[in-house]
Amino acid sequence: MKYDHKSIESKWQKKWEEAGVFHAESDSDKKKFYALIEFPYPSGQGLHVGHPRSYTALDIVSRKRRMQGYNVLYPIGWDAFGLPTENYAIKNHVHPKIVTENNVARFKSQLQALGISFDWSREINTTDPKYYKWTQWIFLQLFKNGLAYKKEMAVNWCTSCKCVLANEEVVNGVCERCGSEVVRKVKSQWMLKITAYADRLINDLDLVDYPDRVKAQQKNWIGRSTGAEVDFTTTTGDILTVYTTRPDTLFGATYMVISPEHPIIEKLSDVIKNMDEVRAYQDAAARKSDFERTEVAKDKTGVRLDGVEAINPVNGKQIPIFISDYVLVSYGTGAIMAVPAHDTRDHDFAKKFDLPIIEVVKGGENVQEEAFTDCATGILVNSDYLNGLSVDDAKKKIIEELEKTGKGHAKVNFKLRDWVFSRQRYWGEPIPIVHCPCCGAVPLPESELPLELPEVESYEPTDTGESPLAKMTDWVNTKCPKCGGDAKRETDTMPQWAGSSWYFLRYMDPHNDNALASEEALKYWSPVDWYNGGMEHTTLHLLYSRFWHKFLYDIKVVPTPEPYAKRTSHGMILGENGEKMSKSRGNVVNPDDIVNTYGADTMRLFEMFIGDFENAAPWNSSSIKGCRRFVERFCGLESMVKGDGIRPELESAFHKTIKKVGEDVETLKFNTAIAALMALINDIYATGSVTKEELKIFTILMSPFAPHAAEEVWELAKLGEGFVSRAEWPSYDESKCVDASVEIAVQVNGKIRDKIMVPVDIDQAGALELAKKSDKVSAFTDGKTIVKEIYVKGKLINIVAK
RNA sequence: GCGCCUGUGGUGGAAUUGGCAGACACGCUGGAUUUAGGUUCCAGUCCGAAAGGGUGCAGGUUCAAGUCCUGUCAGGCGCACCA
């Protein structure tokens, strides 16, 4: 058969679509399998070669599961709200809706050209009012349950564009677009109380099958720590509360650091003698993004408050108070006690400002030179009643004492912060809230959903930092749903994360107007069986959607406490030079070029063969040819058919390959599955022909990887009825996967001296007897005493001789 | 600064989880086919003439280490200096 990838691929893509081969069945008594990939943001650049890596992987799994009789749901949609589309719209004066439509059309044709077995009848789009009606509905439920609230928060403010910037738009402290200075400005923002779920988000990781590195990263992000809050009195009689995870080191606290934004500074502005210096430092800190505060970490900065000191509650010592930007107002109490002897950052700071370093935990070298931070081995010293205790015991004891004297208490803290949910942007879901002078923030009645985005003239935010919606007075001015008086609509929109926090539920029943999905659909399809995505979404999207799902579970909308039973993560595809693909680095590969030149089947095989799916892999254009050659060799089998049945000399190879491919697909080892198929085809070619049965099995095994070529071979060689995509996955016989005899290595003192053939079930005595007959072995054992003999079945013998 | 990940032939990568390092490909070399190029097919290909030596580097545990432990170097990615 001549292999013309263009005609073959478009032929089968059309036939699949016409026959609805990949549609999930709505009413089915079959076992379900729900495979999910992270739906793409349809960017203007078109598909990236990274997208097909994830999509092809779960496509292979889905295709195999279909052939194994599962009712498979493998859906696709568009996460289409977002900043780049809005910025493109501002620049080119095109409605973001049009931009989105164009980008979606391009993405869709690119994806369809790859032959991914998505169920296109369930396609969704987060910017469709029929979809975001339910995003808004979920927000209303969160609001009604007290999980959405408003709070003053710092935002990035471009002094020239006069608008709020995303962190991404702030580059080195200046606005990405105009290069002007960016400052932090306080604005009232909608917040979601994800912290209320912090404990459950950690604990319920036990219920799911995620990779360890994903679980660890989520736990670190949520960051549960057990410590204490301790009250320090100041010389002015005020109370400064600090949070510490090391209350045991309290006697070693030699100074205190508070964040530059700490409210006590304003309160004490009359007492502080160097207020000018303090103000200057506050200004400088306000200009820094959080990331910059991180970058300057090496060189600690700070200002000592002149005129006020703190009093250590356990020993009455007066200690100086500093402000420094390495203490963040958002974590703990915004104030720390500094123990330079046992904390690296405090040590750096103390050295710079020449502050005393007092050792209170014995066990390290000289604490004047380096902080000793080991909690496991240290013993308390210089600490009055704590002396001689271990760190753990000292923590318990001091907390007891603090609680007794009312100067502090045990406290669990989380690094996790509440989710800032407002954006001063146009291209997002409107927040369905009305602000009434009498009734406050009033939720829109559910019957008025969706609250659609109005048409505006321009998409630029206003000079005051409000969203462009604020300019639409007709839309903004409304009546209060509660009292009927004049009121104004909320003009902030939701972040892109909103639509992606529940989209997997919508796929279950995408056209439902009465609920986000029907109860039956939710019950049948929940939870997602397998969710693959990038590591970069581990702490935001994955956590946000788990949070929303848990909330929906609590209000009895969804039937499972966790949305995803299993999560896997693919590695990034890097440029040929081993760096991340980006326009500026000039190492971007366009998937269209590969599909045009070599075909989708080659592209699919190549991306799966490129390396370990879970690790990053550099693009390597020279080895694409090998995958193309493999597809051609596979198609070449069609003209070599002779006879039927599996020939005895290939029987074990076939059984082994069926087993290996099946197992490797389930464990994401696509590269070795393909290698096994390549090895088998080499074996077949070595015999000069192929039987019909052999070709049938081989074609079925090939079909998840190279589905178009497989359909063509299936049809031409008349291997079965209908589509190979709906054929039955072959089974294997375990007993035929093992050979009667096996070659094992014979080592003497760990070095290989010979290899011998032995029956596969031979015992240690038998194997050793055979091994000792070898001259190559005896040459190394003669005249020595055999100390030890090790036999590993089917692998090796090791004779230890002295 | 912190966190996570990765270091194996000329190249991408395998290695049943502590048991024969280099599967499968790419590339290269030689040969066959071809007017030639391409394609295809056959043979070879970790280094070393050999003894041996080899998984970033230095130690350690073990009969046995790419795999486990300690230290260290390099690269990549992420970040909210998390007390």
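Per chain, numbering begins at 1; letters A, B, ... match sequence-line order.
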Q: Spell out protein contact along nucleotides 10-21 of chain B as letters: B when the base is contacted, S when just the sugar-phosphate is, - when no protein heavy atom is under 4.0 Å; keep the 5' to 3' order.
A: --BSS-B--BBS
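Side-chain contact annotation: A/Asn532 with A/His570, donor-acceptor N/O pair under 3.5 Å present. Checked by atom type, the side-chain pair A/Ser225/A/Asn413 shows no donor-acceptor distance below 3.5 Å.
The gap from the C1' atom of B/U39 to that of B/A32 amounts to 14 Å, rounded to the nearest Å. On the P atoms, B/G37 is 45 Å away from B/G66, given to the nearest whole Å. One C1' atom belongs to B/U55, the other to B/A23, and the distance between them is 16 Å to the nearest Å. B/A80 and B/G75: their P atoms are spaced 23 Å apart (whole Å). The gap from the C1' atom of B/A51 to that of B/C26 amounts to 33 Å, rounded to the nearest Å. B/G76 and B/U17 are spaced 34 Å apart, taking the P atom of each and rounding to whole Å. Rounded to a whole angstrom, the distance from the P atom of B/A25 to that of B/G78 is 35 Å. Remark: the separation of the C1' atoms in B/G56 and B/G44 is 30 Å, to the nearest Å.
Residues meeting the salt bridge (Lys or Arg N to Asp or Glu O under 4.0 Å) test with A/Asp761, sequence neighbours left out: A/Lys793. Here A/Asp346 pairs with nothing under the salt bridge (Lys or Arg N to Asp or Glu O under 4.0 Å) rule; sequence neighbours left out. Legend: residues meeting ring pair (Phe, Tyr, Trp, His ring centres under 6.0 Å) with A/Phe232, ordered by chain and number and at least two apart, are absent. Here A/Asp754 pairs with A/Lys776 under the salt bridge (Lys or Arg N to Asp or Glu O under 4.0 Å) rule; sequence neighbours left out.
With B/C26, B/A25, B/C77 as the choices, the nucleotide that has an atom nearest any side-chain atom of A/Met572 turns out to be B/C77. Here B/A80 is the nucleotide among B/C24, B/G53, B/A80 with the atom lying nearest to any side-chain atom of A/Lys415. Relative to the side chain of A/Asp343, the nucleotides B/C63, B/A83, B/C24 differ in distance, and B/A83 lies closest.
Within the cation-pi definition used here (under 6.0 Å to the ring centroid, within 45° of the axis), A/Arg604 does not qualify as a partner of A/Phe705. A cation-pi geometry, defined here as NZ or CZ lying under 6.0 Å from the six-membered ring centre and within 45° of its normal, does not hold between A/Arg628 and A/Tyr598.
Under the 90° criterion around 0 for the glycosidic angle, B/U17 counts as syn. With a glycosidic angle more than 90° from 0, B/G75 adopts the anti conformation.
Classified by interplanar angle (parallel below 30°, tilted 30° to 60°, perpendicular above 60°), the ring pair A/His541/A/Trp497 is parallel.
A straight line from CG of A/Leu574 to C1' of B/U6 spans 11 Å, rounded to a whole angstrom. B/C82 atom P lies 19 Å from atom CD1 of A/Ile258, rounded to whole Å. Rounded to a whole Å, the NE2 atom of A/His262 is 14 Å from the C1' atom of B/A83. The distance between atom NZ of A/Lys411 and atom P of B/A83, rounded to the nearest whole Å, is 15 Å.
Using a 4.0 Å heavy-atom distance criterion, A/Asn413 is classed as making no nucleic acid contact.
Electrostatic pairing of A/Arg567 and A/Glu38 counts as a salt bridge here, judged by a charged N lying under 4.0 Å from a carboxylate O.
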Q.
If a pair means Watson-Crick or G-U wobble with both distances below 3.5 Å, what does RNA chain B look like in dot-bracket form, with | marking bases paired to a different strand?
A. (((((((..(((......[....)))((((((.......))))))((....))..(((((..]....))))))))))))....
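If you find the closest nucleotide of RNA chain B to A/Ile674 and to A/Ala686, the one lying nearer the 5' end belongs to A/Ile674.
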